[in-house]
S.K.: 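Just passing along the structure, written as structure tokens.
Note on naming: letters A, B, ... go to the chains in the order of the sequence lines (proteins, then strands), and numbering restarts at 1 for each one.
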There are 2 protein chains.
Amino acid sequence: MRVLTDADVVTVDPEVAVDAARESLRRFARGELAAPPRVSAELGDLDYYYTTGGLPGGVSGFRAYRAGTPAGDQLVALWDAAGSLFGIVVGDELGARRTGALGGAAVEAMSDERASTLAVIGTGKQAWTQVWAGSAVRSPELVRVHSRDERNREVFAAEVRDRLGLRAETVATPASAVRDAEVVVLATRSESPVIDSADIAPGAHVTTVGPKGRTRHEMPPELLERAAVVTCDSPSQAAALPDFLADPARLVSLGDVLIGAHPGRESSDQLTVYCSVGLAGSEVLFADRLFGAISG
Amino acid sequence: MRVLTDADVVTVDPEVAVDAARESLRRFARGELAAPPRVSAELGDLDYYYTTGGLPGGVSGFRAYRAGTPAGDQLVALWDAAGSLFGIVVGDELGARRTGALGGAAVEAMSDERASTLAVIGTGKQAWTQVWAGSAVRSPELVRVHSRDERNREVFAAEVRDRLGLRAETVATPASAVRDAEVVVLATRSESPVIDSADIAPGAHVTTVGPKGRTRHEMPPELLERAAVVTCDSPSQAAALPDFLADPARLVSLGDVLIGAHPGRESSDQLTVYCSVGLAGSEVLFADRLFGAISG
């Protein structure tokens, strides 16, 4: 059995991660990815969560993570078709990069191909992995960064320059970040909208990673009304949430766009939205790809 | 993070295992062991099961195992109080030895102290770990072994002699195995009684590890009527089973006997029964003990 940690996960190229995300989304759309609802067990102040998934007759396993104090390390475990537990991944990077890679697949499938400006609101790990994966599917001339903390913005922009080799600038307001941007990533913990709908360009693609409940959401609900297409990596998981912002009937499975079962964006002036919920089973396929990509 | 396998688990002395089982049972009886119901997720032909448990403010984690074909390796994962995933145990030995150790604690708490004959029906892994743990709490002069397959009996008896240093003999019928035995272990997959109640001596202690449903059971239900005390490692888990043989109202928590909250056996002619269900959380405390016992 092999064990990988965050130090290994961060060496993986975003192209590899996005390719694994595409495979998860496509297989999910074709009914080939088993991805049952998350289950949990309560231990007093600490909850253990298990998202299980895999390919029938192929690799399967789960991600285990904890909610509470301290949340602690996450764990992904993989079994092969013969029942051998062949890999363990410990740490928080895999889950975040998996989420970023699904977002990268969304940007590739939904944003204008000529997108030249990527705006990001938020500078945490989720924001980073969205930009990291987005850089693998588009070649933005500029990444505009905003968050409430000025120092965080500067650090984030410097990392975009240093690690991704992209031009990056920080801006003082969300409006100046998103104006004219063809790709907008919202990755905050904000429970009230961090931008005005009117500031978003007509043909933009918007990804929301943070809160998206009916009463608490980082994205203005008006964007859903304006959007020509609203996708989600797992509409069934979204529908199972007690308080999801978007009408489940409107949610298109992102995988359906990837396999051509839904047309997705049909013109450069359509606004599109991707709601990230974390497709179950995608961690397992991503981790499986990692073991292939990182020589043992 | 340390990783242990079956090769490590089998080196642990039964005394260490039974001591960990005692701790789990005592803490459970005192309300100090968090042991919520098992949860599961279905992946087509394969189900993943998670039993979560631990000490509030202390070690916690889970055992994951699969039902289906192939069942494959089991996994136990442990987090410390600070949230660090510090240990992984891979393989089937830990679960079986944990069950054996709980059975050892039952034999210690419930059987006649002067027990000189231990009878075992069944020669699989569960039968072995019950005898293994029983040898740590009693000093039987004789282990009598019966199973349907003559060759399995001989192999099992030879292992009792070689590995536990006890006198062992094989017998051709269940009745001749259990007659006059002060400790009787039933560890079969049989769905109909493997012994007659009348063959069990008045003051015997009987442990049943195998099927114990109302319609499918290895133990004759008459033994429950004869028994002065019927314990279970987790009466709440037993009560949650849809079809448990024993009336939940009669089940005494084995931990209550260990901490003196229930008197247990009160004379040498009382018959006692222990129904093994696998106390959740006991794998976690056992695995934690393993990491302490096996130097890294």
S.K.: In terms of heavy-atom proximity below 4.5 Å to chain A, should B:S40 be classed as side chain, backbone, both, or neither?
M.R.: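 Answer is backbone: N, CA, C or O of B:S40 sit under 4.5 Å from chain A.
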S.K.: Are A:W79 and B:L75 close enough that some pair of their side-chain heavy atoms sits under 4.5 Å apart?
M.R.: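 Yes, close enough: below the 4.5 Å cut-off.
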S.K.: Assess whether atom CZ of B:R148 is packed by more than 12 heavy atoms of other residues, nucleotides or ligands within 6.0 Å.
M.R.: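 At most 12 heavy atoms, drawn from other residues, nucleotides or ligands, come within 6.0 Å of this atom.
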S.K.: How far apart are the closest heavy atoms of B:D73 and A:L85, and which atoms are they?
M.R.: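 Heavy-atom minimum between the residues: OD2-N, 2.8 Å.
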S.K.: Among B:G281, B:G61, B:A81, which residue forms the greatest number of heavy-atom pairs with chain A at distances under 4.5 Å?
M.R.: B:G61
S.K.: Pick from A:P70, A:G72, A:G83: which one has the most heavy-atom pairs with chain B under 4.5 Å?
M.R.: A:G83
S.K.: Measure distances from A:T5 to the heavy atoms of chain B and classify the residue's part below 4.5 Å as side chain, backbone, both or neither.
M.R.: neither
S.K.: Checking B:R66 against chain A: side chain, backbone, both or neither under 4.5 Å from a heavy atom?
M.R.: side chain
S.K.: Heavy-atom count around A:R163 CZ within 6.0 Å, excluding the residue itself: above 12?
M.R.: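 Enclosed.
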S.K.: Which answer fits A:L55, side chain, backbone, both or neither, if we ask what part of it has an atom under 4.5 Å from a heavy atom of chain B?
M.R.: neither
S.K.: Taking atom CZ as the centre, does A:R30 end up with more than 12 heavy-atom neighbours from other residues, nucleotides or ligands that are less than 6.0 angstrom away?
M.R.: yes
S.K.: Taking everything shown except B:D13 itself, do over 12 heavy atoms lie less than 6.0 Å from its CG?
M.R.: yes
S.K.: With chain A as the partner, which of B:G53, B:A77, B:G44 has the greatest number of non-hydrogen pairs under 4.5 Å?
M.R.: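 Heavy-atom pair counts peak at B:G53.
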S.K.: Does a side-chain heavy-atom distance below 4.5 Å link A:Y48 with B:S60?
M.R.: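 With C-beta onward as the side chain, the pair touches.
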S.K.: Centre-to-centre under 6.0 Å for B:Y50 and A:Y49, is that the case here?
M.R.: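 Distance test on ring centres: not under 6.0 Å, no.
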S.K.: Does B:P56 reach the side chain of A:L43, with side-chain heavy atoms less than 4.5 Å apart?
M.R.: no
S.K.: Heavy-atom distance under 4.5 Å to chain B: side chain of A:A82, backbone, both or neither?
M.R.: backbone
